[in-house]
Every structure is written in C-alpha cells, then in structure tokens.
Amino acid sequence: MRYNLFKSQLNFRSNRIAVMLCIAMAVSVSACNKFLDVPPKNRVPESVLFNDEEGFKSALMGVYLGMDKPTNGGVYGIYTNNLTMGMMSALTYNYDNITTANVGEGGPFYNNVGFYAYSDAQVRAEFDGIWGGLYNNIANLNNLIGQIDQKQSVFSRDNFNRVKGEAIALRALFHFDLLRMFGQPPLTGPAKKAIPYVTQYTVTPTPHITLTAAMDSCISDLLQAKELLSHTDTSAVFKATHDAFTSYTQNHLNYWAVQALLARVYLFKGDVDNAALYASAVIGSNKFPLITSNVAAATNTIRDRTFSQELLFAVYCSNLKNYNLNLFDKSSGQPLRLTPAGKDRLYLTGSGSANDYRYTSWFDNNQANVNVPSKVFQDKNLPYELQGNMPVLRVSELYYILSECANKKADIAGGTATLNKVRQARGVPALVASGITYTDSLSTEIMREYQKEFTQEGQLWFYYKRLNKNLKLVTSTTAAIPADVYVFPLPDKEKEYNN
Amino acid sequence: MNYSNRPYQRKQGFLSMLKLMLFMVMVVVGTSAVAQGGKTVTGTVRNEQNEILAGVTITVKGTKIITTSKKDGTFELKNVPETAEIIFTYVGQAPKTIKLEKGQSELQVKMADAVSTLQEVVVNTGLYKRPTGNFTGASKTYSGDQLKTVNPTNVMSALAILEPSVRMEENNALGSDPNALPILQVRGQNNLPVSTQGSVASAATPVSNGDMMSSYLLNPNQPLIILDGFQTTLQTIYDMDINRIASITVLKDAAATTAYGSKAANGVIVVETKQPTVGKPLVSYSVNFNFSAPDLSSYNLMNAEQLLEAQRISGVYADPTNNYNDQALKEWYNYRLGQVKSGVNTYWLAQPVRTGVGTNHSLSMSGGSRAVRYNLNMNYSNGVGVMQASNRANYGLSYTLSYVTRSVQFSNSTSIGYSRSNNTPWGGFNEYATQFPFFKPYDSSGNWLKVLEPTAQELGFLSGAPGGRFTNAAYNAQLAIKDYSFYTSFRNNTNFDWTINNYIRLRAGIGFSSNNPGAEQFFPADHTRFVDANTSAFTDMGTYQQTRGSNSAIDARLSVDLQKRFGKHTIYSSIGFTGQDAKSNSTIIRVSGLPNDYLDQLGMANGYGQSTKPGSSDIKSRNLSGYASISYNYADRYTAEVTGNVSGSSQFGSNNKFAPFWSVGGAWNLDKEKFFAKSKVIQQLRIRATTGITGNQNFAATMSQPTYLFNVLNNYRLLLGATLEAYANPNLKWQQTLKNNIGLTAGLFHGKLNIGFDYYVETTDNLILPLDVAPSTGFVSYQDNLGATRNTGYELSLSSAIISNREKNIFWTLSFNAGHYDNVITKLSPAIDVINKGNNTNDVTQTAPLPRFEVGESMSRIWAVKSLGIDPATGKEVFEKLDGTKTFVWDPNDKQPIGDATATLKGMIGSSLTYKGFSFNINMSYQWGGQMYNQTLVDKIENVNLKQSNADERVLTERWKQPGDVVFFKSLVADGSGGLQQTKSTSRFVQDNNFLEAASISVGYTFPNNLPWVKKLKLSTPKLFVSQNNLFRFATIKTERGTSYPFARSFNFGLSTTF
C-alpha cells in the first residue's frame, strides 16, 4: 500500500513538471520564430527596409547609385563611364588617339576598344559587367516594384507615384540600353532574339525575347511610368528644396525625361509619329530651354559645360571628377584626347563654325598642358547642382528627333528649321534652307549635329547603330571592322544558363 | 544507414520531434519506484590525497542498486543485503570493492589513483551525464592533470597529442608566435573551404577571438567547445589556466553529440573546471617556468660574399639590353663589393631575438562546510616570445561559491580575466631574415642607421640602387611605438540543481560572458614605413589605429533528468532546452599626422589622412535548441539510446527556421553473457553501434535572409542608397552530417591490456555551395545546399599496465593510439568548376599548390604538375604533360593529383613510469602516409627575389650552374628576371610527410610528506617537474622553418604544492 501511494505521489509530481514543461514549450515555440529573427545592424533586412517610405526611397537611390557602380559590374562605372565618356565614346572615335598603346586608364583597354577587339579579356569583362550590373539594378527595381503596392499606405504626398514611376521608368531605361547594346541593329534584326525583359525578382532566368518585343515592353513600362509620374508635382524643375527627395528634378528619371525616353525608343523602333509626338510634348513644356549665350565666356572653373538647363536627366555621381582625371589628366602615359586636327575637322569643316560654343567650351588643357575633352569635367568650384552630372537625356536630342521625323515625312524645310534652332543656340549659323534640298543632305547634317553634340555622351554610337552606318566611313578608323560590330557579345554565363 | 536525404518539411519535422519529446516525458514519468527489503548504508568517498570524490558510481554487486556520491562525497544506499559487496568506480581511480560486515552500515572509503588508463564510468556530454553502461556514443575523457603532464602551457596541443581524432593544423610560417591560435578539427573536415566564405560583415576585424560567431565562422570545421555547460570560444580555453581544468571530453559520434543539434557536426569538446571540495581550506600553488630560446639553426642564410655572388649570377647587376643601365648597375656592384671586401658581414638574424623566460603562477584555495563551499583561483601567466619585447600576459581570477542542501544545490561561479599581447616593435622576423648582410646596421658612432645605403645622388651614381631603398627595421625599436592588443573577459555562470527525489532532478543554468577586446597601433612619423613619404604631405606621416570591440553572450538552459532502475531495467533520460543570444560589435578608427613619438594619442593626430574611414561592425545571433534523450539498459547487457533535438537559429533561412536532428544507438556487453563469463583472455567486451544526424550552422546569416546594404561611401544628391546584398535563398538549410559509428571496448588479461576501437562513416549533405545563375537574373550566383562529402575513418587505442606493483610502488604503463580518416567529395555544384578554372590560369600566383575540388577526390589533395627533375644539360625543370610528353613549359592545365596532405595514420606512443615519488612520461607522436608541399623549402631556395632579399645558402651551393650538374634545385642563371625567380607548383616539392617525434617528455618528483623540510613548511605533496616539448624528431621531410616568426626551443620547469 505504501508503495502504491508513493508511486502515485511520484506520478503526480512528475506529471506536474511535465505539464509545466509542455506549457513552457508551447509558449516558447510560438515566441521562438520571433526570437530567432535577428537583423544584423549594418545591413537592413528587406522586411525592415520596406516598412516605411524612407526605405523605399533608399532602395530607389541604391539603383541610381548603381547606374555608376552596381554590384556585379565591371571595373568602370556604367552610365558614368562606359556608356558615356568611356567605352562608348571610344567606339565612335570621340578620342582619335585611341589607336596608340596604353591610352587612358587601365592599360590596353581603350586601345582594344578602338580596334573593336571584343574578345579581349578586359573588354569582355566590361561587357559582362554592363550586362550583369544593369540586370542587378533591374533585380533591385523588380524587388521594389514587387512590394510597393502592398505598402502604398506608408507613403506621404505624391511619393508613392514618384518612387514607383521612377522605378518602372528606370527598368525600361536599363532594358532599352541593354537591347541597344546586345541586340541586333533595328534595321536588320527586329525579329531576332535580343535580351530577356525581366519583370520578376527571381533567380529563375527569363527567356530572351525579340528586339521588337523588348522595345514594346520598354514602351509599355514607360507609358505606365508616365501615367504614375503625371500624378506628381510637375509644376517646375527644382534645384535644392526643403526635401532632398524632390530636389534636383534633373537627377531623377522625371516625368519629362520619361517622355523624352519614349521619343528615343519610338524612333529606335521606327515609329516616327509617336517619336515626334513625345519629342514635341517635352519641347513644348518649355521647362528645358536651349541655352542662349556662350558658356565659354565664363572662366574655366565655373563654366557650365554640360549646358545644364537643357538636361532632362543626368545621373549624379560624386566621383565623376576623379573619373575625368583618370581618363584625361593622367600623370603618366597618354590621356584620351581629340587631337587639334580632329577637333577642327569635327567642328569647323562643312557647315561648322569656329564660333561653335561646343568647340570653344568643351576642350581644355590638362595639368600636363595637353588639350583634352572637358565636357563633363565639373570642378569643385562650380555651384553644387552643377557638379557630378553625367547627361543621359538632353533636350537637343528631341530637336534632332523632330528634325529626323520631319525629314522621314519629306518635310525637309520643317526639319531644317528644327535643326537650326539647336545650331543657333550653339552659336553656329543656321543652315540656309535653300541649300538643303534632299533628304540625304538633311540626314547628313543631323548626323554631323549628333557627332558634335553628343561627344562624350555615348548617344552617337546608338545613332550609328540605329541607322546601321558604315563605321569605317563615319569614324575614319584604320581598324578592321568586324561584321557584327554593333552587337556586343553576351556573357558566357548567360549563354550557358539561359538558353 | 537507411536514411532519406529528402529535405525535411519544417512543420512536420518539428511536430514529430515535439511528439517524441512528449512521449519520452510520459515514458519516464510512467516508471515507478520499486521497494525492496534490506539495510541502509551511508558513507563518504575520498581519494588518496584525502580529497572528497563526488560523482563516484556505487553499485551493490549482484543487485541493481546504484547511486553516485554527492558533491560532498557522501552517499546513501537503501535496501542493501546484509553482507553485500559494494563496488566503487570513478574516473581516474582504481575500482574498489568492499564486502560489508554484518551490521555494518557506515563506510569511509578511500579510493586509490588508477595507474592504468582511465576507466570512464560517467560520461559528461555537457548537457547531461550518463554512466558508460547507459551510454552508446563514442567519447573520450582526459583529466586536466594528464593533459598538463603532456604540455603544461598549451592544453589544446596536449589534447591533439593524446587524442587521435583531434588534429591541429601545422603552420610552419608562424613558428612559435605566442599570439597565434591553433586550427582544430575533430575527425577531419567536412566543409569545403569555399563554402562558407560568403559575406561575414566585419568592417573592423575583431582583434580577439572572443567573438563567438566570427570565431566559428572563421573556421567552419571547428568543433563546438563547451565550458561548464555553456558554449565558448577556442580563445577562452587557450588563455585559461590549465590548473583549473578538471577534465576534457571529446564527443565524436552522433549518439554523443546529437543533443547539440545544429552545432554538433564537427564534434564537441567539453571542458569541465574543478569544483569546490569540502573540508578545511586547501591551498595549492603551482608555478611553471618556460624557457625558450630562438632556434636559428635551420636558417642557413648566405653571407655577404655569397649573396653578392648569387645576385651577380642571377643578373641583378647587369642589363644586356641597355648599356646605360648596365653601367649604372655595375657601379652598384662595385660599391657593394667594396663593402664586402671591407669586411661588412652582418648577421641580421641575431638582432631582434632573445631568450625568453615565461612564467605561470597559479594559486587556488578550496574548502567549506557541507552546506557552503568555495573555490578561489588566481593566476598570472606571461608567455614570452623569442622576438624582443613580444609577449602575451594573462591575468585571471575566478571564484565559485556553492550552497548545498539535501535536495538543492545552488552554485555561482565568476571569472574575470585580462590579457594583453604585445607585438614586437622590431618588426617582422622576415625583415631580418631577408636583409642583405653587406649592410651595416649602425653608423661609425654606433647609432642605428635608418636607411642602410647612401642614395645614388650621394654616391654620384647614374641611377638608384637595384631593389630600391633599404630601411633598417631595427631602427624602429628605439622609437616609442605602440603595438598591442588586449581584452578583458568576464564570465558568470549560475547553476541551480534540484534533486526532486531519487529519480528526478531538475537543473537550470544561466551564463553570461563578455569579452571586450581592443588594440592600439601607433607608428610615429620617424618610423621607417614613412621613409618614402618624406616629401609628401606632413599630415600623412605617423599613424595611429585604435580598435575596440565588445562581445557578449547570454546562455540559458533548463533540463530535467530522470533515472530509474526496476528489476533488470535501467532507464536514464534527460529533456532540456537551451537558448543563446550573442552580440558582437567593433569599431576601428585610424588617424594620421603624428610627427612626434611623444604625441602618442589619438587626439594628437592632424587628421584622418587620405583614405581612411572609420569602420564598425555589429552582429547578433540567436539560437534555441531543445533535446530529449533516453537510454534503456537491460540486465547490464543490452543498451538502447535514442536522442532527438530541434534546433533553431537566426542564421537559417526564413523557410527553415527549425531543424530536427536525431540519433539511435545500441550497445551489447558481451562479457556479461553467460557464454563469455569464464574467459581467461577477455574479461571485458562491449560493442556499440550508433547512427544519427547532426548539423553545422557555421555559415553567415545573410546567405538566407534578404538584406539591403547601405552604400555609405557615396550619396545620390544627399540621399543614401541601399541595394540587395545578394540573392538570399529562403530555402537554405543547415548542413547535416549523418554519422555512423561502430565501436568496441575490450579488457584483456585482467586489466593488463585495454583496447578501444571505433570505426566511423560520416556523410555530410546539404553542403552550402554557390550555384551559378544566368547574370540576367541580376546575380552571378547564390548559395544553396548542393555539395556532399564523406569521411571514413577509425581510431584505435591500446593501453597496457605492464608493471603494477602496489607494494613496491612501481607502475609502468604503455599506450598506443592511431587514427585514420579518408575524405572524399561526393557531390559538388558546377560553380566549383569556376573556382577550379580560376586556379588553373597563369593570372593567379602559382608558387604554392592551389586547391582543386573534384568529385571522388579528397579536399586535401595536392595538385601539382608532374616533374621529371632538373635537366642536367640546361638546368631547367622537365615537366610531364598529361599526355605523357615532356616539356620545359609549366602549364597549369597539366596539374594532376600528386599527394594528399591528410596523413593515413596519425597517433601517439606513450609511456608512463612511476617509482615511489618519481614519475617519467614520454609521448611520441607519429604520422605516416601523408604528403606535404615543402613550401618553405621552395620559397627559401627557388622562389627567391635576390634583388630584394637574402636567401638560403643552398641558392648558391645546390642549384644548377653548369651543364652536367645533377642537382635537385633548378638553375641559378641570369634569366632576365633580375634575380626574381618563381617555381610554380611542381611534384618535385611534394614530399612524404612521415615522422616520429618526442612531442613531450617530462620528469617529475613528488616529495614524501614525512621529509623534515616539508613538515616544517607545512606543505603537502610538493611536486617538481621538468618537461620538454619537441626534443627530437625523425622525419622523411626536413622541416624548413618559415620566416614570419622564428621557432623556439623551450623547456618547462614546474613546481606545485598544496598547503
């Protein structure tokens, strides 16, 4: 009997402990997941970042910064170097000394670019870097776009439309530039596979689609972005305001820049009606007037060489000055340069003029007293808003687009008049309308304008590619031109893992 | 071995574990007490030194009555038959049997020290204790004294000598640097070195490895280290007073480690410290002197004349392509020749070294009443390096207080420590090993020279000296340089132990540990590192760097142990939970512009210099783990053991926060079977088999959780940007290792020979490796569970008490052990090909063999190009291409597996002899069947840059010079490289690494207590001992010493006594 009693007592006590333990366990299990969610401080978990407006803005700014140096990018900045004053400008011989060895920074890189040696390891690495870097930016955008709709309530004022609109527009911009680099020229291969148009955040690869399909996707994204951004404050182009996010409109892919980009995409696609429509819409807004006086009159250090009031969208980069110094103010070896003869040939011959503001203000002597291109050199003595701007879209291109569209429709006089607006704003005499009687002659003048206007901005390469120009003729290079020079090779890994 | 490697479904896995635990609770609760008739016997157990023995297993022969002595050494046995035999067994003590007299109910038991190997009776897994009879796992326990005999200053190296499964990576380059931590492995590595490199956030590298997370991430193969029940770092054990260590247990297989769940895959090392004892205060003091002298015998550097000649032959002083340069170089040759002829021949190596005497004092006091006991330990140690002014000093104070009642034991122990390591102001040893002997260290009036050679301008030469400007590192020693790191540590463990009744015990514990490291590094402007900055900005000269860190961890645990014996059935069970919250952060600041060495403060700096930005890191991690373990024994013959664990970690992917682990084991005591009972040869025979799954969580959390990284270096129009760091894999899981183990323990010839054998197969699955993806996804790769490896091995240990004569007081034992393991990679991701390809180009430095990972090969494989030796006609090396053709051209694609760095067999042979008060111990380590790339040899003789540095004598004497020379080393000729020659990984330098070395020899003498002076000084058992590590070595490979830090020859002299 004693034994039994003891047994039951023991059971009672043990049971009580067991029950207590079970309760403790049940409580802790529910609390466990929370306990184990530990965010590291110097990095922010996605779930925390996307909890407020500030986080979404940071994610968007991360992409703008990624236009310079994204994760998975190459050695040089993308929009701040390779796609503008670096590789792209070298491809079009904006620097006519690139056939000399070891010019610019980074050993034989620019030399190889000048010889269109796309298989060179360093050149390949930059192509791969552009591809990987832009898609990394796109992945960041897709992650943001994928989550923003559920969090609309955290936004104040018009910021939801701004963040989402800019994000979608940037996605289109990157895809458009990718298809312009890695796709076929639009005249020869609109139905050939070009690039994947990625709209989901995933590691499952998106299949490649045709050039036309990709351009249509760009247009659809841009139209959506335009719609979103039209609900933001479009009353003015701001410099510094009380709010850093709405300041410096020109450094955001803004409402007007999106329309300008639409004009550029439509023209690339060959849709002149829509191209002209959006080009004139932006010009008609009168928010981005052409310059009227010669900036060369200002002293070197405070010269507004980018004609900043004309910029629809410029990417900001605080390292831009250093990038310039690396390319054009090398302490040893040869800087990239346009020789005096080349400069004169570009700006003075034909319909050119020695009074061209571009001729007088875009070239300076570096510290070694060598005359080098200085269009995007922005000294620290300039006002803050004029520093660190690399032009991506400028209003003069819209005039050229309008002119080209008119020309396509055989309105040679109208086209010439539009082109003359830019010429006159640059201090160059207007073309005499009676001298331009053929479509071809207007086309030639437009091309010459592209050559003069977009030096160091990279758009000239895409102009050549769009019209499938014979590179040998337009650049007078001595290098052998490969057959598919306009199509950059895809990264090997892309071919391997996304067939 | 029949297990599924399908991914666990989290919910299901967790629920089933929960059910299992509940089931176990019920099983144990359902068991009941069994009452029997008989008398009650009480008593106390002590050892030969009259110290209380707690935890002694006491059984009544022929019955199932068992108990263990309590912390105060007392025990109580109920229902004992009138004239029963009572057996006492305890770790390190010879088993003792006492036959009860009629009516005797009280016993004062004195147990004798076991002279033969340890008879482990209770295994402490750190989470629960279990008698060996109820334990099926593979484990091995070593006492603190045993380890101290082997190496009185480095407990981990002692463990690596004694335990065949523990391996310590050799590092010839770092030599005897007192501030370098060893790299440890238990049963080999199961991680690819690439797999966890990922992104560990540390803008500022912590200066002390007190940082829990980074210390484990740094070496993903490191075993889990448990100190008194709580996780700790290797650094903590490394700096701990060896006299405080009671025992170290190595847990190896699944049954032993599964309770640790996701941290257990690399094995567990459990360190227990000494606990307070009852009685009048017992004071013990021990001192150890460590004499170390630099061993410069392996440096046979060229003298001034030889070096100049070697430089001339290799073309340092000639330029056949340019006459002007040639003339300029000849001028320098003649100048240096003049120096040589005038008798300048400096032995640079002797400048920065010294003979050091390190000390270690340890004082402890222990005592108390039955209810309140205390233990106080103080120690000071100073490990002195052989480089001038380099040392590592540790100060430690620890205090344990425990309060014991009949059913409750409460104890609290606190330890605080301070450690400071000074780096030598003399600079790296290599700066002396490479210095040209034709330079004078001082000027004519005996002052140290800062720059060793006049400039070309001063000498009127055409151009600068070949090799540039040479500065004198010894010059810096007279400057007020600061270069030291330090840390303070604090640890408090509180334990509560409640014996609810004879069957149930509840234990709870909470531990807090913190470690605050710091480092100061100040180089004034006069330091030779700024010699080239003379003309540049004043604000860059002189730098000061300060690092501060703070690491802390809180650990909590709660467990319920149940033990029950009824009839022939014995059940032990334990259920418990542990949780851990660890934080670490650090800050690093670097300033510059401190022209004067008097201004040795951060705030005296002129500015932040050109490139500096403060760095900081902040990491947190949390872990939760629950386990349940039950073991059942039937009639002392059959044992079955089941353990389950559910681990959760903040490091796991969001879809897999909890991981289940399990193990099953069985053991059979054949000797208890009737058919075995009367064997004359074998008295003890036990076989064990276990299988189970454990995990490894030594990987970075950011691989599994999407995180944005802020770009703090740039802004976008005053706004900061954040981008996704990597593609975080939400499905990422812990790596899991399936461990299978079969073991055997046998005792032969009545204790004369003991044999232990374990065979294991460990398969690691879900190895985290990068998986390449199309770059259009935005990423290059992401981490996934892709790889697998398999380790197969065995461990054998034999020990024999050859003489055991208690009357004459002579004991002689011999022991031998051997460990073997094979590693093979069984699965890899294609991304590894990229790493392999990257290692197979001429773009990377190929002067050392680079790793290559192939399925079917071991991870430690040495890949090199097969060499056919040096062509006597040309002095060039002849290589064999993969297709068998011969070539002079080294091509990375011709690499093939040449050797394996993992030894086939590794172990020790030990002998221990005691005669009266004398004791003599020798432990010889051996290794057989592995290869080594003799990197130091090739670096000292072939990969030399004679333009910049001096080199081994053999450069001149043993390299090929003229046709017909049949030599091992390639030619020394002017090949246009100006004295810089590189030998790329070749089979010529892959050598068999077999050795036998006297790892430790020690001689001790214990003075008898009846000596007059001992009595006079009121001492008790004073002991004196002398030991030497690495006295001699027979090896197939000549150990070439590296140049980063010199090796030291050292011997220890120690004295210990109690009062």
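As a basis for the values below, the full set of heavy atoms in this structure was taken, side chains included, without hydrogen atoms, waters or symmetry mates. Letters A, B, ... mirror the listed sequences (proteins, then strands); counts begin at 1.
If you measure heavy-atom distances from A:V203 to chain B, the contacts under 4.5 Å come from both the backbone and the side chain. Only the side chain of A:L49 comes within contact range of chain B, with heavy atoms under 4.5 Å apart. With a 4.5 Å cut-off on non-hydrogen atoms, B:N585 does not touch chain A at all. Only the side chain of A:F50 has a heavy atom closer than 4.5 Å to any heavy atom of chain B. In this structure, no portion of A:N137 lies under 4.5 Å from any heavy atom of chain B. Looking at A:P196, the atoms closer than 4.5 Å to chain B (heavy atoms on both sides) all sit in the side chain, from C-beta outward. At a 4.5 Å heavy-atom cutoff, A:S47 makes no contact with chain B through either its backbone or its side chain. Looking at B:Y716, both its backbone and its side chain come within 4.5 Å of chain A, counting heavy atoms on both sides. Contacts of A:Q200 with chain B are absent, with no heavy-atom separation under 4.5 Å from either backbone or side chain.
Using a 4.0 Å cut-off between a side-chain N of Lys or Arg and a carboxylate O of Asp or Glu, B:K620 and B:D581 do not qualify as a salt bridge.
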Given A:Y135 and A:W131, is the ring pair (Phe, Tyr, Trp, His ring centres under 6.0 Å) satisfied, shown in steps?
-> CA-CA 6 Å; A:Y135 275 112; A:W131 179 276; 4.9 Å; yes
In sequence, state the C-alpha distance, the side-chain angles, and the governing distance for A:F56 and A:K151, and then conclude on side chain to side chain contact (heavy atoms under 4.5 Å, CB included).
-> CA-CA 10 Å; A:F56 279 99; A:K151 293 285 174 65; 3.7 Å; yes
Intermediate values then yes/no, ring pair (Phe, Tyr, Trp, His ring centres under 6.0 Å), A:Y384 and A:Y248 = CA-CA 11 Å; A:Y384 176 71; A:Y248 306 107; 5.7 Å; yes
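Contacts with chain A were tallied for B:N714, B:L720, B:L724, B:N711; B:L724 has the most, counting heavy-atom pairs under 4.5 Å. Note: A:K493 leads A:H208, A:E385, A:K493 in heavy-atom pairs under 4.5 Å with chain B. Note on A:E46, A:H252, A:K57: by heavy-atom pairs under 4.5 Å with chain B, the leading option is A:E46. Contacts with chain A were tallied for B:L719, B:L771, B:L713, B:L718; B:L719 has the most, counting heavy-atom pairs under 4.5 Å. With respect to chain B, the highest number of heavy-atom pairs below 4.5 Å among A:K495, A:M61, A:E496, A:E494 belongs to A:E494.
Around the NZ atom of B:K78, the shell of radius 6.0 Å holds no more than 12 heavy atoms that belong to other residues, nucleotides or ligands.
Going from atom OG of A:S58 over to atom CG of A:L65 covers 10.0 Å, rounded to the nearest 0.5 Å.
Using bins of under 30°, 30° to 60° and over 60° for the plane-to-plane angle, the ring pair A:F488/A:F182 lands in the perpendicular bin.
The ring-ring contact (aromatic ring centres under 6.0 Å, His included) test applied to B:F496 returns no partner, not counting sequence neighbours. Applying the side-chain hydrogen bond (donor to acceptor under 3.5 Å, both in side chains) rule to A:N140 yields the partners A:N136; only residues at least two apart in sequence or on another chain are considered.
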